[in-house]
Visitor: 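Dropping the structure in here first, questions after.
The first residue in the sequence is number 1, and the count goes up from there. Quick note: numbers below take in every heavy atom, side chains included, and nothing from hydrogens, waters or symmetry partners.
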Amino acid sequence: MYTWSLNELYQGFNDTFKNDLEKLSTLLDALSTSADALDGKDSLEKWLKDNQTIATLSNNLGSFVSLRLSTNVNDSEAQKYYGQIMNIASKNARPQALFSKWIYKVRNDFKTWVNESDIIKEHEYILQEDINNAAYSLNEDVESAIVRLKINGSSAWTQLQSHLTSNTTIEYKGETHTMTSLRNLAYDKDPVVRKEAYDKELELYTKIEDSVAYALNSIKGEVIQTNTMRGYTSPLQETLLDSRLSEATLNALLGAIENALPDFRRYFKHKGKLLGHENGLPWQDLFAPYEVKETKEYSIEDAKPMIINNFKSFADDLAEMADTAFKDNWIDWEPKAGKRGGAFCANLPQIKESRVMLNYGGSISDIVTLAHELGHAYHGMMLQDNSILNTGYSMPVAETASTFCENIVFNASLKDASDEEKIMLIENVLQDNTQITVDILSRFKFESEVFKRRADDFLDATTLKEIMRQAQADTYGDGLDPETYNPYMWLCKGHYYSAGRNFYNFPYAFGGLFALGLYAQYQKEGHDFVDKYRNLLKETATASCEDVAKLAGIDTTDIKFWESSIDQIVSLIDQYIALTS
């Protein structure tokens with residue numbers, strides 16, 4: 001009842017799945033042949049059509065396997081096919097490298113073809129990106145070798161981290177707990193349970209810290225080497241190019257967060273005193289509600305109408321999409337052994353649907369998480385009529401629709417709330433907003449330092465813990481009790497373990513604060529803003545972050561915009577302190 005349906009992709013690893021797997025291999029072989037014969041507008045049109053077919057097929061196959069593994073990392077059949085898909089997909093490296101060289105060579109002709117062909121015009125933006133990125137492409141044989149080596153390199157290390165953090169268990173109060181179930185106890189009403197669960201979580205990490213440290217070192221080491229070979233100045237440069245984001249925007253964003261750290265620390269220290277702590281807020285109480293006696297648990301059935309009704313206050317199509325997600329089993333709700341921690345949304349544009357994975361525990365925070373992930377699904381819905389090649393948006397704007405939906409749920413709920421309910425709601429939003437600002441800044445500092453030092457040294461678990469503690473000291477500061485900093489935040493966060501998505505931290509800050517700015521515009525403009533918002537989401541697949549923001553009249557390189565968004569969080573801090581003093 002509370003598991004998702006993947007039947008819309010495949011009904012198991014049946015003949016249809018196996019035939020599609022074979023078909024994908026055949027199509028990629030044919031694409032390699034086509035890459036050797038690229039020579040004009042007609043061949044570019046055929047290339048685009050062939051890639052549309054391949055993308056649809058590979059999305060079906062890859063999504064089915066990865067979604068199964070996300071809810072059961074021990075699915076041996078899925079693991080087997082994951083390896084096969086990776087091997088087959090590696091065939092794409094050579095033709096794409098050849099294409100990159102060719103499109104750069106004919107870049108002047110391309111400008112003419114854009115005006116002569118509908119399909120080329122439709123894909124102008126991503127083709128121009130190929131031209132711009134050609135400077136970082138290697139020989140086709142080298143690119144092919146890199147992709148194949150990744151299968152048993154970074155991809156395997158990624159799987160190891162996921163496997164260990166999903167399967168390692170520890171006994172607590174006579175029950176067997178995983179990392180995820182222990183982390184869910186951070187929301188428990190009882191401060192003793194929160195402290196004991198946190199201590200057990202840290203103890204669990206000691207069982208796997210060395211293995212996961214090897215995984216992190218191997219992934220980051222591979223990234224450094226491939227970046228150097230391709231000519232990037234740093235992994236951050238590659239991430240900014242992939243993110244369609246300028247360094248000026250990133251500096252303005254992070255600078256605004258740095259400037260606001262005293263206000264965030266003021267909130268942490270106040271909350272710490274409310275909970276009886278004099279040396280700052282202990283880490284285990286970051287997600288503890290102040291008004292414990294008023295804390296309510298929400299069943300899954302409670303959550304559904306809350307989401308639908310709040311979404312309806314913004315737009316009917318958003319509420320209808322959420323209702324469809326509930327009725328058609330798009331969501332895998334509950335934690336279980338072998339299931340990945342955290343939450344995510346996978347857009348499936350090839351079938352015009354999405355899938356959402358949660359580890360729902362019944363707190364108001366879990367409802368906000370649900371709203372967040374359904375925001376990703378709405379973003380996907382805005383792009384589902386595009387060519388499948390035009391459905392990929394960059395990491396920073398990826399968090400815009402999701403965080404916007406969080407704001408919808410929060411503001412709609414706040415209107416009729418009592419003072420006690422307001423405390424609970426504001427507390428929940430401050431927990432989330434301090435995560436996307438203070439914690440994200442600590443993660444950025446940590447990853448920057450890891451890349452800097454990994455270039456010359458192997459960073460063992462002890463060193464990684466020291467780097468993480470320093471990153472937390474630089475950001476949380478005396479807002480938290482320094483004796484309770486979490487030195488293992490590098491181990492439990494899967495975002496560090498992707499060779500293709502480095503610095504998957506600042507996009508959350510961009511998306512969260514950008515969404516706050518957009519929501520402020522919605523509050524001023526009312527219903528007239530809705531169509532502007534939809535158009536903005538539709539542009540995210542074919543525009544830079546800066547150009548997307550300009551559609552709403554926003555200059556993301558101006559620190560004042562980010563400071564104005566943070567001012568809304570500071571206002572909530574002031575309200576919270578006033579309500580609880």
Side-chain angles (χ1 to χ4, degrees), residues 86 89-90 92-101 103-104 126 128-161 212-251 253-254 392 394-396 398 440 443-460 463-464 467 471 490 493-508 510 544-545:
M86 291 288 288
S90 69
N92 202 25
R94 179 183 179 276
Q96 293 300 335
L98 285 169
F99 176 78
S100 179
K101 283 188 173 183
I103 194 69
Y104 181 78
I126 61 169
Q128 186 61 54
E129 274 193 319
D130 281 338
I131 292 170
N132 296 342
N133 293 335
Y136 304 104
S137 293
L138 299 169
N139 175 282
E140 60 271 16
D141 292 331
V142 176
E143 290 288 356
S144 181
I146 288 173
V147 172
R148 289 180 178 277
L149 289 170
K150 281 178 180 286
I151 295 170
N152 295 304
S154 56
S155 294
W157 288 112
T158 299
Q159 286 184 286
L160 177 65
Q161 186 270 346
V212 180
Y214 269 91
L216 186 61
N217 275 269
S218 299
I219 291 168
K220 297 309 185 189
E222 178 184 291
V223 169
I224 291 168
Q225 292 301 322
T226 54
N227 268 234
T228 301
M229 290 167 65
R230 290 187 172 122
Y232 292 108
T233 57
S234 68
L236 181 59
Q237 184 202 15
E238 180 190 28
T239 298
L240 288 172
L241 288 171
D242 288 345
S243 300
R244 300 168 178 170
L245 186 81
S246 71
E247 190 170 3
T249 291
L250 179 63
N251 290 339
L253 169 66
L254 297 181
S394 66
M395 291 193 298
I440 286 300
R443 296 190 213 178
F444 180 83
K445 288 177 178 289
F446 168 81
E447 193 162 1
S448 297
E449 185 67 13
V450 166
F451 270 123
K452 177 183 175 183
R453 294 170 64 172
R454 181 65 185 98
D456 298 313
D457 298 316
F458 178 88
L459 309 176
D460 61 20
T463 304
L464 291 170
I467 296 172
W490 57 271
K493 290 294 179 183
H495 290 156
Y496 294 121
Y497 298 87
S498 170
R501 286 186 172 183
N502 298 290
F503 292 100
Y504 199 4
N505 35 61
F506 69 77
Y508 284 94
F510 181 103
S544 69
C545 295

Visitor: If you measure from OG on Ser137 to CD1 on Ile103, what distance do you get to the nearest 0.5 Å?
Guide: 12.0 Å
Visitor: Ignoring hydrogens and angles, state whether a donor on the side chain of Ser155 or Thr158 is under 3.5 Å from an acceptor on the partner side chain.
Guide: no
Visitor: Using the side chain to side chain contact (heavy atoms under 4.5 Å, CB included) rule, pick out the option among Lys220, Lys452, His495 that qualifies with Glu447.
Guide: Lys220
Visitor: Do other residues, nucleotides or ligands put more than 12 heavy atoms under 6.0 Å from the CZ atom of Arg230?
Guide: yes
Visitor: For the residue pair Asp130 and Ile126, establish whether any side-chain heavy-atom pair is separated by less than 4.5 Å.
Guide: no
Visitor: Report yes if the distance between the aromatic ring centroids of Tyr496 and Tyr504 is under 6.0 Å, otherwise no.
Guide: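 Not under 6.0 Å, so no.
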Visitor: Decide, yes or no, whether a salt bridge links Arg454 with Glu222 under the criterion of side-chain N to carboxylate O below 4.0 Å.
Guide: no
Visitor: Got Pro235 and Phe503 here, is their nearest side-chain heavy-atom distance under 4.5 Å?
Guide: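 They are in contact (side-chain heavy atoms under 4.5 Å apart), so the answer is yes.
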Visitor: Do Gln161 and Leu216 have side chains that approach each other closer than 4.5 Å (heavy atoms only, starting at C-beta)?
Guide: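 Of all side-chain heavy-atom pairs linking Leu216 with Gln161, none is under 4.5 Å.
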Visitor: With a 4.5 Å limit on heavy-atom distance, are the side chains of Cys545 and Ser394 in contact?
Guide: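 They are in side-chain contact.
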Visitor: Nearest 0.5 Å, what's the CE-CG distance between Met395 and Leu240?
Guide: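 Nearest 0.5 Å value for the CE-CG distance: 8.5 Å.
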Visitor: On the 0 to 90° scale, with breaks at 30° and 60°, tag the Tyr214-Trp157 ring pair as parallel, tilted or perpendicular.
Guide: parallel
Visitor: Contact between Lys493 and Arg443 at the side-chain level, heavy atoms closer than 4.5 Å - yes or no?
Guide: yes
Visitor: Have Asn133 and Glu129 got a donor and an acceptor in their side chains that come within less than 3.5 Å?
Guide: no
Visitor: What distance do Leu98 atom CG and Asp141 atom CG have between them, rounded to the nearest 0.5 Å?
Guide: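 Interatomic distance, Leu98 CG to Asp141 CG, rounded to 0.5 Å: 8.0 Å.
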Visitor: Tell me, do Met229 and Val142 make a side-chain contact under 4.5 Å, heavy atoms counted?
Guide: yes
Visitor: Would a 4.5 Å heavy-atom cut-off, applied to side chains only, mark Ile151 and Ser90 as touching?
Guide: yes
Visitor: Using side-chain heavy atoms (C-beta onward) and a distance below 4.5 Å, is Val212 in contact with Trp490?
Guide: yes
Visitor: Go through it in stages, so that I can follow the logic: the residues are Gln237 and Tyr136, the test is side chain to side chain donor-acceptor pair (under 3.5 Å), and I'd like the CA-CA distance, side-chain angles, deciding distance and then a yes or no.
Guide: CA-CA 11 Å; Gln237 184 202 15; Tyr136 304 104; 3.2 Å; yes
Visitor: Ignoring hydrogens and geometry beyond distance, is a side-chain donor-acceptor pair present between Asn132 and Gln128 at under 3.5 Å?
Guide: yes
